[in-house]
There are 2 protein chains.
Amino acid sequence: MARPAIPHATVSRLPLYLRCLDQLPVDQETVSSGEIATALSINAAKVRKDFWYLECEGRRGVGYDIQSVASQIGAALGLDVPLTIVIVGMGNLGMALAHYQGFASRGLILAGVYDTDPGKIGESVGDLVIRHPDSLTEDVRSQGVSIGVIATPAPAAQGAVDLLVKLGVTSILNFAPVVLHAPAGTTLRRVDVATELLILGYHQSNSDGVG
Amino acid sequence: MARPAIPHATVSRLPLYLRCLDQLPVDQETVSSGEIATALSINAAKVRKDFWYLECEGRRGVGYDIQSVASQIGAALGLDVPLTIVIVGMGNLGMALAHYQGFASRGLILAGVYDTDPGKIGESVGDLVIRHPDSLTEDVRSQGVSIGVIATPAPAAQGAVDLLVKLGVTSILNFAPVVLHAPAGTTLRRVDVATELLILGYHQSNSDGVG
DNA sequence: TACTGTGAATGTGTTCACAGCC
DNA sequence: GGCTGTGAACACATTCACAGTA
């Protein structure tokens, strides 16, 4: 009954469960561990144990209530308090990320986009206008930004991180091809984030290799 | 001496090591496990064991030869035989990915970009021209494509996967917000790919939660 | 019968700790 | 002293297997 903390491995699967639940027929009310397991090609006991950590109660012989599982997962991921993000660096990648539906569909609110290029400042991106990173100080304070996305060229990346961290942003999603360092006085945990790479094996499970 | 297969966990760290090595001063010839461990905020024994799996030979009291470690990692990732990728879906995200330096800097060759929208077909993207996915059949055969990137809207994603798989592509990198299914006759392994999410904790290590 | 809940067994990955070499 | 190489200990994650409930 006194449940342990939710393991990392479980947390990393939660977004996957969420997507999977989203795609069930709207009139379906319950779902079994087996159904989810099949859809994600994982083991059903793993699904049950994951849900157990989340304190989702299922009904034997029936399954789990979709609504309540979804809301438990949302709560565990902190999506019940919507997260606010900003994107620094409005090159091609930054632009694409700003337009990308993936953030919104995961409940993230894009609050600002920034670039140092005077030629870009003032340009509109959806509802937002590109501004100089100097504005971050004000924006982070007023909007309570929790995630900063780095889409700058490599040499500018570390500076952007330092600034964000100084302002109190605690999560950095880095797309620049550099290894970032934690500014002084902070510690750092590196996490691989769920972009999905599906490795297809033909009839027997392919041993390994990222290619 | 008879070394076991390289564990998944190790493989998932190899790109990180590679980036880390790239950023060392050009005149530096050797690197110690401790140096790398500090840069990546991981344990030094882990680095040594990872290098051990790769059969990298270090010198006690000195460290590892940077060149040879880099080439061993490259070989383990299959980057000595350059991988070829194609992108299906040339909306904002697809465009950005096509221009993104990250692929090239990891030794991936972008061989084709595809979209079904007649208004987009024929448009140039760098050296390439957007074509209809029908051309994939020919292209995959002639270029030996190993990775297909899905950047289509959600409803088109599964169809794109089915086509790629039918043509013999064995790795799919999915950016569409849907759960994909393995076509009949194939098995599927899901992998989280290294986009870096740095979670910064202030002096004490932040317990958890992806936000 | 169909499903959950969960201890126990197994498998994998990480870290320690120290001998051995430069 | 600084660093690698590596067994052994530990921690964590997955899977099995089955009792229990609707």
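In what follows, every chain begins at residue 1, and chains take the letters A, B, ... in the order their sequences are listed. We use all heavy atoms of the structure for the numbers below, so side chains are in, but hydrogens, waters and symmetry mates are not.
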Q143(B) side chain vs V145(B) backbone, donor-acceptor pair below 3.5 Å: no
Which heavy atom of C56(B) sits nearest a heavy atom of Y64(B), and at what distance? O-CE2, 4.0 Å
Taking for each residue the nucleotide of DNA chain D bearing the nearest heavy atom, is the 5' side occupied by R59(A) or by A45(A)? A45(A)
Got a donor-acceptor contact below 3.5 angstrom from the D115(A) side chain to the M90(A) backbone? yes
With L110(A) as partner, the option from I147(A), T84(A), I85(A) fulfilling side chain to side chain contact (heavy atoms under 4.5 Å, CB included) is I85(A)
Heavy atoms under 4.0 Å, any strand shown: does T10(B) hit a base, just sugar-phosphate, or nothing? nothing
If each of K49(B) and V31(B) is mapped to the nucleotide of DNA chain D with the nearest heavy atom, which maps nearer the 5' terminus, i.e. the 5' end? V31(B)
According to salt bridge (charged side-chain N to carboxylate O under 4.0 Å, His left out), does anything in residues 34-53 of chain A pair up with another residue at least two apart or in another chain? List the pairs. R13(A)-D50(A)
Taking the side chain of R13(B) as its heavy atoms from C-beta onward, which of dT14(D), dT14(C), dG5(C) lies nearest to it? dT14(C)
Atom-to-atom span, CH2 of W52(B) to C1' of dA8(D) - whole angstrom: 14 Å
Give every donor-acceptor pair under 3.5 Å between a side-chain atom in residues 148-161 of chain B and any protein atom, sequence neighbours left out.
from    : atom 1 : to      : atom 2 : distance (Å)
T152(B) : OG1    : A157(B) : N      : 3.3
Q158(B) : OE1    : H181(B) : N      : 2.8
Q158(B) : NE2    : D162(B) : OD1    : 3.0
Q158(B) : NE2    : H181(B) : O      : 2.9

Does a distance-only test, which skips hydrogens and angles, find a donor-acceptor pair under 3.5 Å between the side chain of R60(B) and the base of dT4(D)? yes
For R48(B) and dG7(D), is the shortest distance between a side-chain N/O and OP1 or OP2 below 4.0 Å? no
Within residues 61-74 of chain A, residues whose heavy atoms come under 4.0 Å of DNA chain D: none
